[in-house]
Amino acid sequence: QVHLVESGGGLAQAGGSLRLSCAASGSIFSINAMGWYRQAPGKQRELVAALTTGGATIYANSVKDRFTISRDNAKNTVYLQLNALKPEDTAVYYCVLDTTIREIVGGNPGFWGQGTQVTVSS
C-alpha cells in the first residue's frame, strides 16, 4: 500500500507563487511515475503535470512555462512549483503515483493523495 500526503496549498494573489509537496510512503520503489491532477468546482479533474520514470516531464498546455514538477528520490517526495498564478488555477490539487506514466496520463493512477486546496485571488 502507498500513502501520499500533499502539503503547501493555500491562498495566493494572481501573479504569485506556491509550492506543493507530496510525500510518498509505504510499499514504494525509487522509480515510479508521479504527477499532479487538479479539480476545480464544477469541472472535470485534469492532469496538470507528470514525471516519468525516466525523468521526463509532461505538462498541460494551460500551465506550461508557469508550473514545474520535480522530485527528490531520497525523500520520496514530488514537488509542484506554481508560478505566475491565475484565478483559473484555483482548484484542489491531487498528487498521484503509479508504476508507469501511462496510467497517470490515462487518468487511472493507482494511488491518490487526499488533495490540497489552491485558491488564487484576482
Side-chain angles (χ1 to χ4, degrees):
Q1 188 65 23
V2 174
H3 191 50
L4 303 173
V5 178
E6 302 102 331
S7 61
L11 177 65
Q13 290 188 330
S17 299
L18 286 172
R19 189 193 195 202
L20 307 183
S21 300
C22 172
S25 61
S27 301
I28 58 175
F29 301 94
S30 61
I31 300 177
N32 281 282
M34 299 186 75
W36 293 88
Y37 273 77
R38 69 183 180 186
Q39 187 167 24
K43 294 187 177 181
Q44 287 189 329
R45 196 170 290 180
E46 63 171 346
L47 177 66
V48 177
L51 194 58
T52 71
T53 53
T57 54
I58 297 170
Y59 294 98
N61 287 334
S62 59
V63 306
K64 203 170 292 184
D65 298 327
R66 297 190 299 121
F67 291 6
T68 303
I69 188 171
S70 62
R71 68 187 292 173
D72 184 335
N73 287 333
K75 296 181 179 180
N76 292 323
T77 300
V78 65
Y79 305 96
L80 186 67
Q81 179 68 40
L82 292 68
N83 295 331
L85 282 163
K86 303 176 181 180
E88 50 263 43
D89 294 320
T90 296
V92 177
Y93 284 70
Y94 298 90
C95 175
V96 296
L97 179 149
D98 207 291
T99 53
T100 70
I101 192 66
R102 180 176 60 184
E103 299 301 326
I104 291 179
V105 174
N108 297 301
F111 300 98
W112 293 77
Q114 82 287 353
T116 186
Q117 176 71 46
V118 170
T119 302
V120 184
S121 62
S122 58

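When a residue number appears, it is its place in the shown sequence, counting from 1. Keep in mind that this is a model prediction, so the values were computed, not measured.
To the nearest 0.5 Å, atom CZ of residue Phe67 and atom CG of residue Leu20 are 8.0 Å apart. Here the OG-CD distance, from Ser122 to Gln13, works out to 9.5 Å after rounding to the nearest 0.5 Å. Annotation: the span from Asp98 atom CG to Met34 atom CE amounts to 10.5 Å, rounded to 0.5 Å. Rounding to the nearest 0.5 Å places OG1 of Thr116 at 10.0 Å from OH of Tyr94. Atom NZ in Lys64 sits 9.0 Å away from atom OG1 in Thr57 (nearest 0.5 Å).
Taking hydrophobic clusters as Ile, Leu, Val, Met, Phe, Trp and Tyr residues chained together by side-chain heavy-atom distances below 4.5 Å, Ile69 does not share a cluster with Ile58. Note on Leu47: it does not cluster hydrophobically with Trp36, by side-chain heavy-atom contacts below 4.5 Å among ILVMFWY residues. Linking ILVMFWY residues whenever their side-chain heavy atoms come closer than 4.5 Å, directly or via other members, places Leu80 and Leu51 in the same cluster. Follow the hydrophobic side-chain contacts under 4.5 Å out from Tyr93 and you reach Leu18 in the same cluster. Both Val63 and Val118 are assigned to one and the same hydrophobic cluster, defined by single-linkage of ILVMFWY side chains at heavy-atom distances under 4.5 Å.
Ala84 and Ser17 make their closest contact through N-OG, 4.4 Å (heavy atoms, listed as atom of the first residue, atom of the second, distance). For the pair Glu6 and Cys95, the tightest heavy-atom approach, listed with the atom from each and the gap, is OE2-N, 2.8 Å. Ala24 and Leu97 get closest at one heavy-atom pair: CB-CD1, 4.3 Å. Closest of all the heavy-atom pairs between Leu85 and Ala12 is CD1-CB, 3.8 Å. For the residue pair Lys43 and Gln39, the shortest heavy atom distance occurs at O-NE2, 3.2 Å.
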Which pairs would a plain distance check flag for residues 101-112, meaning a side-chain donor or acceptor within less than 3.5 Å of a matching protein atom at least two apart in sequence or in another chain?
unit_1 : atom_1 : unit_2 : atom_2 : d
Asn108 : ND2    : Gly106 : O      : 3.4
Trp112 : NE1    : Pro109 : O      : 3.3

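Contact annotation: the side chain of Val2 never approaches that of Asn32 to less than 4.5 Å [non-hydrogen atoms, C-beta and beyond]. Contact of the Lys75 side chain with the Ser21 side chain is not registered, since no non-hydrogen atoms from C-beta on lie closer than 4.5 Å. Counting only heavy atoms from C-beta outward, the side chains of Tyr59 and Arg66 never approach each other to under 4.5 Å. Arg38 places a side-chain heavy atom less than 4.5 Å from the side chain of Asp89.
No side-chain donor-acceptor contact under 3.5 Å links Gln114 to the backbone of Val5. At least one donor-acceptor pair under 3.5 Å links the side chain of Thr90 to the backbone N or O of Val120. A donor-acceptor contact shorter than 3.5 Å is absent between the side chain of Gln81 and the backbone of Thr68.
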